[in-house]
Amino acid sequence: MTKRTKIVDVLTNDSLIGKEVVVKGWVRTFRSNRFIALNDGSTINNVQVVVDFESMNESELKRITTGASLSVTGELVESQGKGQNVEIIVKALEVIGDADPDEYPLQPKKHSMEFLREKAHLRFRTNTFSAVFRIRHAMSYAIHKYFNDNGFYHLHSPIITGSDAEGAGEMFRVTTLDLDNTPKTADGSIDVSEDFFGKETNLTVSGQLEAELGALALGQVYTFGPTFRAENSNTSRHLAEFWMVEPEVAFNDLVDNMDLAEDFLKYLAKYALDNCKDDITFLNNREVQEDKSKPQAERNELTLIERLEFVANNDFERITYTDAIRLLENSKPYKKKKFKYLPEWGKDLQSEHERYLVEKHFKKPVIITDYPASFKAFYMRENEDGKTVAAMDILFPGIGEIVGGSQREERLDKLKQKCADFNIPEEHVWWYLETRKFGTCKHAGFGLGFERLVMFVTGMTNIRDVIPFPRTPKNAEF
RNA sequence: UCCUCCAUAGCUCAGUUGGUUAGAGCGGUUGACUGUUAAUCAAUAGGUCCCUGGUUCGAGCCCAGGUGGAGGAGCCA
């Protein structure tokens, strides 16, 4: 009958004090047969519900267990106790759904992240994960808001793609063929003309090429969708299914591109600080506690909040690949032979090199630009030196590469040459080449790994803990 | 895919040179207590020691293979 009040409102809206409220949520703890900590997901904070156990049916009281869902009607009053400002004095309490304490796996104590990953269906009910996923939502919203407020259009790039020219990684094949009985052509290979689309199709590894098509008419676009890579990578920074944000802007060059990416990331850090205060504070304190049990060398130099403030308020370092190599060659670990791999012009930077630059030398986000063409993608614009391309990677402390982008090759002859160099048949990318044939112009864009952003903003150290149901090699549970 | 480490109670872990009956804390249950904040106190239940094979009189412990997990590397976002 009476409308449910969300716990976030119960805790923050002073005008409700003295009034009767109805709250519904899940029991976090039940102490002394009298105090229920109830949470409904609207905030990380619980409301304390005070039960008059002397007058309650004992069998009903027994059903108030960790994890059970309740409907509580009662008066909101200022708390007699010290830990909270307000509490609800129960008038009526109904157990909506029981949670058998013998079987309910979440206890009011610390669990390991690995254990909770196996209980991915229930881990939303913990403080840490509810905070992470509220922040994940806020970041998703902030991304749309940033682009909308800056005149970008959200472009929906396809998830199933017939394009096989991207080369961004191994792809997941999409087919409706009977795998036990595939149709064959005369030479014995699989006859893909019989497949649903009449050709080989895969899940997208990037929406970039499609975003470029949009940008070259709409001016400023971005994609924000799921991306799939069938790489057998087993690290705390990679997923087989992840979400990527890819803005693309006509008439932008590499400097414009860097300016956009930096402004965007600063906006997101500030948005989190301004709009997710309770959750960020919780995760900040959680990390401080965790760090206490770690050796000095593994602790964070700055707290989570300090790191977010730092990104929001300080300019990123910008350095060319060539200068970065020179800097590494004159670094202490180089001279003391601490690098496992020697930095060398023409070879890609190793993780240890990036970490040195970001975490030891500059101690701030670093944008590395103008990489050698040899290990970058075919669509990146060739620089005047003929050796490097107008690429940029943004490296974050503890996360590594969070953004990768470039100014695109807009000159048709150069792009055709690149296709040849990379063994990409022109007939596969005819539609992409046509944008250079008809009204071509400078343009640039980048890709932001959404989960890596959420890792940075939450301080979580494993990417599997910032997406509800992680997809990794040998794991597609739930 | 490669390297290193790990797998014992519901959870976090200990377990001696290979030895007979595998332990602790937390959680659960039962009871006491009741304005608590990880409540407290007492009692109590709870085990395919990841799987398969091997060595041995005897394996949680040693060996081989497998599976799963973590950290690092590569690839990248």
Side-chain angles (χ1 to χ4, degrees), chain A residues 28-37 45-54 62 65-67 77 79-84 87 89 99-119 126-127 166-170 205-208 224-246 261 289 293 298 340-341 347-355 375-377 393-396 399-405 446-456 461-467 472-475 477:
Chain A
R28 283 294 174 77
T29 60
F30 185 32
R31 287 185 300 274
S32 306
N33 256 0
R34 191 188 288 277
F35 305 103
I36 304 168
N45 300 306
N46 306 322
V47 69
Q48 172 154 290
V49 172
V50 184
V51 179
D52 182 13
F53 66 87
E54 290 91 344
K62 284 248 161 21
T65 59
T66 301
V77 300
S79 178
Q80 294 176 35
K82 285 197 174 129
Q84 56 285 318
E87 61 194 18
I89 306 297
D100 183 346
D102 278 336
E103 292 182 56
Y104 189 64
L106 302 184
Q107 301 163 7
K109 59 171 273 189
K110 269 193 185 143
H111 293 287
S112 68
M113 290 295 124
E114 294 81 12
F115 170 73
L116 291 170
R117 230 169 269 153
E118 291 171 9
K119 312 281 180 219
T126 65
N127 285 332
E166 172 61 22
E170 293 292 310
V205 292
S206 165
Q208 183 205 310
F224 185 2
T227 308
F228 307 87
R229 306 257 168 108
E231 299 285 352
N232 189 9
S233 40
N234 296 285
T235 82
S236 52
R237 303 182 305 284
H238 291 85
L239 291 166
E241 177 182 302
F242 64 100
W243 289 67
M244 191 150 64
V245 181
E246 294 177 291
Q289 287 301 320
S293 60
E298 289 173 29
K340 199 175 168 193
Y341 300 90
K347 286 187 178 168
D348 205 353
L349 296 175
Q350 300 287 319
S351 288
E352 57 178 347
H353 305 147
E354 295 181 348
R355 283 202 152 161
F375 54 80
K376 286 292 182 182
D393 284 356
I394 302 185
L395 310 176
F396 263 33
I399 310 285
E401 186 180 343
I402 194 168
V403 160
F446 62 85
L448 167 78
F450 183 58
E451 281 76 18
R452 290 190 183 172
L453 171 77
V454 179
M455 285 174 81
F456 177 72
T461 53
N462 192 314
I463 200 165
R464 292 162 196 151
D465 298 328
V466 299
I467 188 167
T472 51
K474 300 277 189 281
N475 181 13
E477 190 68 38

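Just so we're clear, the structure is a prediction, and the values are computed from it rather than from any experiment. Lettering follows sequence order; numbering is per chain, from 1.
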Atom pairs under 3.5 Å, N or O on each side, protein against nucleotides 67-70 of chain B: can you list them with distances?
from   : atom 1 : to       : atom 2 : distance (Å)
B:rA70 : OP1    : A:Arg117 : NH1    : 2.4
B:rA70 : OP1    : A:Arg464 : NH1    : 2.8
B:rA70 : OP2    : A:Arg464 : NH1    : 2.9

Polar atom pairs between nucleotides 23-25 of chain B and protein, under 3.5 Å, N or O only, would you list them?
none

Taking only residues two or more places apart in sequence, or in another chain, which ones meet A:Phe375 in a side chain to side chain contact (heavy atoms under 4.5 Å, CB included)? A:Tyr321, A:Asp348, A:Tyr371, A:Pro372
Taking side chain to side chain contact (heavy atoms under 4.5 Å, CB included) as the definition, give me every residue that meets it alongside A:Glu118, ordered by chain and number, with sequence neighbours left out. none
Could you spell out the base pairing of RNA chain B as a dot-bracket line? Use Watson-Crick and G-U wobble contacts where both distances are under 3.5 Å, [ ] for crossing pairs, | for partners on a different strand. (((((((..((((.....[...)))).(((((.......))))).....(((((..]....))))))))))))....
Contacts of A:Phe115 meeting side chain to side chain contact (heavy atoms under 4.5 Å, CB included) (sequence neighbours excluded), chain-then-number -> A:Pro105, A:His111, A:Ser112, A:Lys119
Please write out each protein N/O paired with an N/O of nucleotides 49-51 of chain B under 3.5 Å, distance rounded to 0.1 Å.
none

A:Pro101: partners by side chain to side chain contact (heavy atoms under 4.5 Å, CB included), with sequence neighbours left out: A:Thr65
Atom pairs under 3.5 Å: protein N/O with N/O of nucleotides 34-37 of chain B:
from   : atom 1 : to      : atom 2 : distance (Å)
B:rU34 : O2'    : A:Arg34 : NH2    : 3.4
B:rU34 : O2     : A:Ser32 : O      : 3.2
B:rU34 : N3     : A:Ser32 : O      : 3.4
B:rG35 : O6     : A:Gln80 : NE2    : 2.8
B:rG35 : N1     : A:Glu87 : OE2    : 2.9
B:rG35 : N2     : A:Gly81 : N      : 3.2
B:rG35 : N2     : A:Glu87 : OE1    : 2.6
B:rG35 : N2     : A:Glu87 : OE2    : 2.9
B:rU36 : O2'    : A:Arg31 : NE     : 3.3
B:rU36 : O2     : A:Arg31 : NE     : 3.0
B:rU36 : O2     : A:Arg31 : NH2    : 2.9
B:rU36 : N3     : A:Gln48 : OE1    : 3.1
B:rU36 : N3     : A:Gln48 : NE2    : 3.1
B:rU36 : O4     : A:Gln48 : NE2    : 2.7
B:rU36 : O4     : A:Gln84 : NE2    : 2.9
B:rU37 : O4'    : A:Arg31 : NE     : 3.2
B:rU37 : O2     : A:Gln84 : OE1    : 3.3
B:rU37 : N3     : A:Gln84 : OE1    : 3.2
B:rU37 : O4     : A:Lys82 : N      : 2.8
B:rU37 : O4     : A:Gly83 : N      : 3.3
B:rU37 : O4     : A:Gln84 : NE2    : 3.4

Is there any salt bridge (Lys or Arg N to Asp or Glu O under 4.0 Å) pair reaching into residues 447-456 of chain A, and which pairs are they, with sequence neighbours excluded? A:Arg136-A:Glu451
Under-4.0 Å side-chain N/O to phosphate OP1/OP2 contact, A:Gln350 with B:rG74: yes
Set of salt bridge (Lys or Arg N to Asp or Glu O under 4.0 Å) partners for A:Arg28, sequence neighbours left out: none
Identify the pairs formed between an N or O of the protein and an N or O of nucleotides 40-48 of chain B at a distance under 3.5 Å, and give each distance.
none

